[in-house]
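Shown next, in C-alpha cells, is the structure this report addresses.
Each chain gets a letter, A, B and so on, in the order the sequences are listed, and its residues count up from 1. All of these numbers come straight from a predicted model, not from anything done at the bench.
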There are 2 protein chains.
Amino acid sequence: MDRKVEQTAETRRDPRRGRTRRALLDAALELVEKKDNFTALSLRLVARKAGVVPTAFYRHFPDMDALGLALVDESFRTLRQLMRDVRAAGVPHKQAINSSVQTYIRYVRTNTRHFQFVAKERFSGSQSIRNAIRQEIRLFTSELATDLSRIPLLAKTSAEDLQMMASLMVNNMTSLTEQVLDIPAEDVAEELFLARMAEKQLRLIFLGAASWRSK
Amino acid sequence: MDRKVEQTAETRRDPRRGRTRRALLDAALELVEKKDNFTALSLRLVARKAGVVPTAFYRHFPDMDALGLALVDESFRTLRQLMRDVRAAGVPHKQAINSSVQTYIRYVRTNTRHFQFVAKERFSGSQSIRNAIRQEIRLFTSELATDLSRIPLLAKTSAEDLQMMASLMVNNMTSLTEQVLDIPAEDVAEELFLARMAEKQLRLIFLGAASWRSK
DNA sequence: CCATCATGTCAACACCTGTACACAAAATAA
DNA sequence: TTATTTTGTGTACAGGTGTTGACATGATGG
C-alpha cells in the first residue's frame, strides 16, 4: 500500500512525468562532469540538455536547488545500498579489508557521476545542499560506529571513541573516493596504487584502535 | 637583489597597482564567503565590490581563473609559514599533539577566508585551480613525510609507508579544517569538541604507526 | 465520449554577463 | 617642463539568465 502511494506520487498518472524528471536529473549529472560545478549550471542549460524548454523545468522542480537536493538523495540512496550489501557479507575481518576496498572502488567507478556530484557540492554547494550532504555523512558515520561496536576487540570502547574511529575511517574513505575520481578510468596502475595505500591506512587505523583501550 | 626585482614586478612603479590588485583579491575572498563558490563569482561582481569599473579588472588579471590561481598561491604561502613555525618549535612529541591542534585551529580561525576558498575550490574549482591546489597538498604531504622520517620510532619505515602515514594525517587535518569552518566562530564548545576529537585521532594514528613496523 | 488536469511550448520581460574600443587621468622618465 | 607608459573610465554590443503568462497537447477518470 505504502509503495503504491509512493509510486503514484512519484509518477503521477502521466508516464512523461517520470521520463523528463529523470532526463533533467541525468542532464544535471552529466553537465556537472563537463562544467566545474552544480552551482555553475543554469536552469536553461539543464533543460536544454534534457531536451525540454526552460519553462518545463518548473513542472518538476521549483528551482535548481530542489533538483540538487534530489540528486543528494539519490546519491546516498545508492551508497546506503552498498553499505547494506557489505553488512550482509559480515563484519570485516582483517582479511576482508583488501577486498572491501576494492569492492568500494569498483562501486565508485560505476557510480562516478553521483560521487563526483557529492564531492563537488559537499563544500561549495548552496547552503541547503551542503547541509543535506553533511547530514547524510553524519548518519553514515554513526551507522559505521555501531558496526564497530559489534567487533569484539572494541566492545569496551566508549561511544565517543567509537564515533571518533568511525569518522577517521569515513575521512579515509572520502579521501580515497576523491582521489579515485581524479584519475582517469583507464589508469588501472594508479588505481591499484591508491587501493594499496587505502588498505594500508585502514590497517594502520585498526592497529591503532586495537591498542587504544590501554589509554 | 632578488627581493627588489620581485617587488618591482609586483607593484611596478605605480602604487595604485598594488592597491587595486589587493582590493580585487580581497573582494573575491569576501564574496566567496557570501556566495557559494568562487566559480559562482562574476568578473563584474568582483570589480564592483573592489570599487572599480569592470574593465579595470583586466589591468591586473587576464581573467577570473588567474585571480583564482593567485588566491591559491596566497593561501598556501600562509600555510607554509605556519609549517615553518611549527617545525622551528621542534618535532611534535606526544605531549605536543594537543597544543599543535589548538595552534592550528587558531590559525584556521584567523585565516578563515583563505581556508574556506581552498576547501571550496579543491574539488569544484576550474581544472587549473584544482590542479594547483592538488599540487600544493601533495607537496605539503611530502614535506610532512620527511618530517616523520626524522622521528626515531619511524626511522626504519619505508618511504612509501611514510607517505601513507603523512597522507593519513593530512586527511585528518583537512577534515578538521573543514569542520572548523562549518561551525560559527562563537561556538567555542563545539570547537573544543572538534579539537579533542582531532587530537584523539592523531594519537590513534601515532599508536598505529608505532606498531606498524612489525608488519 | 467528454471534461479535466498534468505536462510541455512559445514569446516576452528585465537583468546580468564578458569583452572590445576609445578616451581620461595619473605617475614616471627624459 | 614634456613625452611616455600605466592604470582607470565610459560606452556599447551580443548573448545568456530566471521567471511570467497565455496557450497547446495529450493522457486520465467519469
For nucleotides 15-23 of chain C, give me one character per nucleotide, 5' to 3': B if any protein heavy atom sits under 4.0 Å from the base, S if the only such contacts are to the sugar-phosphate, - if neither. --BBBBB--
Only pairs under 3.5 Å count here: list side-chain donor-acceptor contacts from residues 178-193 of chain A, not counting sequence neighbours, and write none if there are none.
unit_1, atom_1, unit_2, atom_2, d
D187(A), OD1, E190(A), N, 3.2
E191(A), OE1, R109(A), NE, 2.8
E191(A), OE1, R109(A), NH2, 3.0

Distance check needed: [N] [atom2] versus [X] [atom1], whole Å only.
X      : N       : atom1 : atom2 : answer
L24(A) : dT7(C)  : CG    : P     : 12 Å
L31(A) : dG16(D) : CG    : C1'   : 15 Å
L67(A) : dG18(D) : CG    : P     : 12 Å
R21(B) : dT6(D)  : CZ    : C1'   : 16 Å

According to ring-ring contact (aromatic ring centres under 6.0 Å, His included), does anything in residues 109-132 of chain B pair up with another residue at least two apart or in another chain? List the pairs. F38(B)-F117(B)
The criterion is ring pair (Phe, Tyr, Trp, His ring centres under 6.0 Å); which residues satisfy it with Y107(A), sequence neighbours excluded? none
Applying ring pair (Phe, Tyr, Trp, His ring centres under 6.0 Å), can you list everything that pairs with F76(A), at least two apart in sequence or on another chain? none
Taking any heavy-atom pair under 4.0 Å as a contact, classify V53(B): base, sugar-phosphate, or nothing. base
Within the structure, does a side-chain N or O atom of H60(B) lie under 4.0 Å from either OP1 or OP2 of dG8(D)? yes
Taking side-chain contact (heavy atoms from CB on, under 4.5 Å) as the definition, give me every residue that meets it alongside A166(B), ordered by chain and number, with sequence neighbours left out. T141(B), L144(B), A145(B), L148(B)
Hey, could you give me the CG/CD distance between L168(B) and Q201(A), rounded to the nearest 0.5 Å? 5.0 Å
